Amino acid sequence: MKWSTTKIKAFRKNLLAWYDQDKRELPWRQDHDPYNVLVSEIMLQQTQVQTVIPYYQRFIDQFPNVQALAKAPEAKVLKAWEGLGYYSRARHLQQAAQQLVRDYHGQWPTTATGLAALSGIGPYTAGAIASIAFNQPEPAIDGNAFRVFARLFCLTDDITQPKTRLVFDKLIRKLIDPDRPGDFNQAIMDLGSSYMRAKEADPAHSPVAAFDGSYQTGRVYDFPVKTKKKPPKPFAYYALAIHSPQGWLFEQRPSQGLLAKLWDFPLVNQAELKTLLVSDQIREVSHRFAAEADAPLTLTDPGLKPVKHTFTHQRWTMTILTAETAAFKLDYLPARWVSDFSTIEIPTVQKKLLRALNLLPS
DNA sequence: CATGCGTGGAA
DNA sequence: TTTCCAAGCAT
């Protein structure tokens with residue numbers, strides 16, 4: 001880093017003058033309440049602003065402060081998160097609220113290090129809250145910051161490597177405006193989502209075009225350097241849509257792993273399905289929801305097109321099979337008969353199955 | 001340190 | 001259809 005003190009001050013001035021003029025008006029920018037900042041930052045992890053806005057509004061209405069979130073049933077928190085993805089964020093967020101009430105007596109830690117001790121808060125979120133809510137000169141290095149500074153300084157470090165964060169952290173600490181650290185960080189993010197976005201960038205009109213090494217040398221899209229992710233692994237499942245007079249059979253997924261604690265139709269692979277077809281007994285479907293008493297169960301292929309859904313790391317193709325059966329007791333099982341789908345927490349992949357069966361409006 | 005963890009939109 | 005991207009963190 002070879003910028004002079006004068007150049008650094010000019011950079012801050014250009015950046016913040018632009019921010020003051022053109023910053024996005026967002027629901028979580030109405031104040032600097034640490035709770036509001038926390039909720040927004042957790043929701044914004046790996047998630048676009050446009051997606052977050054309605055969730056943020058509803059969440060703050062339903063859980064207006066740390067105490068309200070801490071004492072809410074976990075299922076209600078997950079329901080508020082339904083469709084947003086990365087559901088462990090919701091559980092960790094509530095755990096952080098409970099930590100604040102129980103261990104901190106509602107007194108927030110104000111340093112990045114202190115904030116990082118809270119559940120679900122990593123280096124980025126700690127820096128964001130520390131700078132925005134508590135005016136601490138801490139970097140908030142998200143994907144935008146990586147891209148913006150990689151371009152400004154033509155940095156070739158691979159940003160997918162954890163150690164690269166240290167390089168950027170050291171650099172940004174020299175640049176961050178000590179008088180307005182929160183605005184500085186948010187201005188970088190606004191820059192990264194506009195003039196310096198990943199695709200269709202407009203570096204020529206950026207308020208810091210004169211400071212942009214990648215633009216000055218005609219190499220904007222050479223930065224940031226990142227290694228590609230592995231493609232998702234394919235999985236083939238049969239989704240068992242089992243109906244009784246009491247509704248549809250839903251199982252609750254395990255408390256850890258993909259879509260933890262959310263509800264879905266039982267999913268079985270081909271080997272499990274074969275066992276089921278031989279036995280014709282519901283308890284053979286899976287250990288997950290062995291029934292107290294066997295109930296006859298005949299699965300039918302309704303001839304629906306397979307439903308596809310892609311996660312970050314898995315690609316599912318689900319063939320829907322249906323069955324009509326007598327209601328059997330599920331009292332002690334992580335399973336329920338459901339007739340009103342608004343009463344359970346359902347991931348988007350499961351909503352696709354419900355829509356294919358015309359049980360939810362398209 | 002590498003991997004698992006959602007979803008929706010754009011090209 | 002496929003690929004990549006979008007305010008990361010826990011383990």
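Because the structure is predicted, anything quoted here is derived from the model rather than measured. Numbers restart at 1 for each chain; the letters A, B, ... are given by sequence-line order, proteins then strands.
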Look for any protein N or O under 3.5 Å of an N or O in nucleotides 8-10 of chain C and output each such pair with its distance, or none.
{"unit_1": "C:dG8", "atom_1": "OP1", "unit_2": "A:G143", "atom_2": "N", "d": "3.2"}
{"unit_1": "C:dG8", "atom_1": "OP2", "unit_2": "A:Q46", "atom_2": "N", "d": "2.4"}
{"unit_1": "C:dG8", "atom_1": "OP2", "unit_2": "A:Q46", "atom_2": "NE2", "d": "3.1"}
{"unit_1": "C:dG8", "atom_1": "O5'", "unit_2": "A:Q46", "atom_2": "N", "d": "3.3"}
{"unit_1": "C:dC9", "atom_1": "OP1", "unit_2": "A:G122", "atom_2": "N", "d": "3.0"}
{"unit_1": "C:dC9", "atom_1": "OP1", "unit_2": "A:G122", "atom_2": "O", "d": "3.4"}
{"unit_1": "C:dC9", "atom_1": "OP1", "unit_2": "A:T125", "atom_2": "N", "d": "2.9"}
{"unit_1": "C:dC9", "atom_1": "OP1", "unit_2": "A:T125", "atom_2": "OG1", "d": "2.7"}
{"unit_1": "C:dC9", "atom_1": "OP2", "unit_2": "A:Y124", "atom_2": "N", "d": "3.2"}
{"unit_1": "C:dC9", "atom_1": "O3'", "unit_2": "A:G120", "atom_2": "O", "d": "3.4"}
{"unit_1": "C:dA10", "atom_1": "OP1", "unit_2": "A:G120", "atom_2": "N", "d": "2.6"}
{"unit_1": "C:dA10", "atom_1": "OP1", "unit_2": "A:I121", "atom_2": "N", "d": "3.4"}

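- Look at NZ on A:K233: it is 15 Å from C1' on B:dC5, rounded to the nearest Å.
- Here side-chain hydrogen bond (donor to acceptor under 3.5 Å, both in side chains) pairs that include residues 103-112 of chain A, with residues two or more places apart or in two chains, number zero.
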Return a table of donor-acceptor pairs under 3.5 angstrom between the side chains of residues 232-239 of chain A and protein atoms on other chains or two or more places apart.
{"unit_1": "A:Y238", "atom_1": "OH", "unit_2": "A:Q270", "atom_2": "NE2", "d": "3.4"}

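- Listed by first and then second residue, the ring-ring contact (aromatic ring centres under 6.0 Å, His included) pairs involving residues 25-62 of chain A are A:W28-A:Y56, A:F59-A:F63, A:F59-A:W81 (not counting sequence neighbours).
- Protein atom CG of A:L258 is 5 Å distant from nucleotide atom P of B:dC5, rounded to whole Å.
- Taking atom P on both nucleotides, C:dA6 is separated from B:dC5 by 23 Å, rounded to a whole Å.
- Judged as a side chain to side chain contact (heavy atoms under 4.5 Å, CB included), and not counting sequence neighbours, A:D61 has no contacts.
- Atoms CZ (A:R147) and P (C:dA6) sit 4 Å apart, rounded to a whole Å.
- Partners of A:D157 by salt bridge (Lys or Arg N to Asp or Glu O under 4.0 Å), not counting sequence neighbours: none found.
- When rounded to the nearest whole Å, the span between CZ of A:F223 and C1' of C:dC5 equals 19 Å.
- Sorted by first and then second residue, the pairs that involve residues 138-174 of chain A and meet ring-ring contact (aromatic ring centres under 6.0 Å, His included), not counting sequence neighbours, are A:W3-A:F153, A:F146-A:F168.
- Taking atom P in both B:dG8 and C:dC9, one finds a spacing of 22 Å when rounded to whole Å.
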Please tabulate, one pair per line, each protein N/O and nucleotide N/O from nucleotides 8-11 of chain B that are separated by under 3.5 Å, including the distance.
{"unit_1": "B:dG8", "atom_1": "N2", "unit_2": "A:Q48", "atom_2": "NE2", "d": "3.3"}

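- Residue A:K163 is classed as a sugar-phosphate contact, given heavy-atom separations below 4.0 Å to backbone atoms only.
- We find that CZ of A:R315 is positioned 16 Å from P of B:dG4, with the value rounded to whole Å.
- For A:L262 and A:K230, each mapped to the nucleotide of DNA chain B holding its nearest heavy atom, the one lying further toward the 5' end belongs to A:K230.
- Residue contacts shown for A:A128 are absent, as no nucleic acid heavy atom lies under 4.0 Å away.
- Atom CG of A:D157 is separated from atom P of B:dC1 by 13 Å (rounded to the nearest Å).
- In this view, A:A112 and A:A126, A:A130, A:E138 satisfy the side chain to side chain contact (heavy atoms under 4.5 Å, CB included) rule, not counting sequence neighbours.
- Side chains of A:S244 and A:T325: a donor-acceptor N/O pair is absent below 3.5 angstrom, by distance only.
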Which atom pairs, donor and acceptor, lie under 3.5 Å between side-chain atoms of residues 351-359 of chain A and protein residues at least two apart or in another chain?
{"unit_1": "A:K351", "atom_1": "NZ", "unit_2": "A:E82", "atom_2": "OE2", "d": "2.7"}
{"unit_1": "A:K352", "atom_1": "NZ", "unit_2": "A:K308", "atom_2": "O", "d": "3.3"}
{"unit_1": "A:K352", "atom_1": "NZ", "unit_2": "A:H309", "atom_2": "ND1", "d": "2.9"}

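- Taking the charged nitrogens against the carboxylate oxygens, A:D264 and A:R253 do have a contact shorter than 4.0 Å, which makes a salt bridge.
- When heavy atoms are screened at a 4.0 angstrom cut-off, A:V52 is found touching no nucleic acid atom at all.
- Contact annotation: A:H313 side-chain N/O to B:dC5 OP1/OP2 distance is under 4.0 Å.
- Note: CH2 (A:W263) to P (B:dG6) measures 17 Å, nearest angstrom.
- Residue A:P347 is in sugar-phosphate contact alone, with no base atom involved, counting any heavy-atom pair closer than 4.0 Å across all strands shown.
- Alongside A:V225, the hydrophobic cluster contains no other residue (criterion: ILVMFWY side chains under 4.5 Å).
- For the pair A:Q350/A:L262, no side-chain contact is recorded, criterion being any heavy-atom separation below 4.5 Å from C-beta on.
- Across the protein-nucleic acid pair, A:R197 atom CZ and C:dA6 atom P stand 10 Å apart, rounded to whole Å.
- Of the residues in residues 22-36 of chain A, none has a non-hydrogen atom less than 4.0 angstrom from any atom of DNA chain B.
- When the nucleotides B:dG6, B:dA2, C:dC5 are ranked by their closest atom to the side chain of A:P162, B:dA2 comes out on top.
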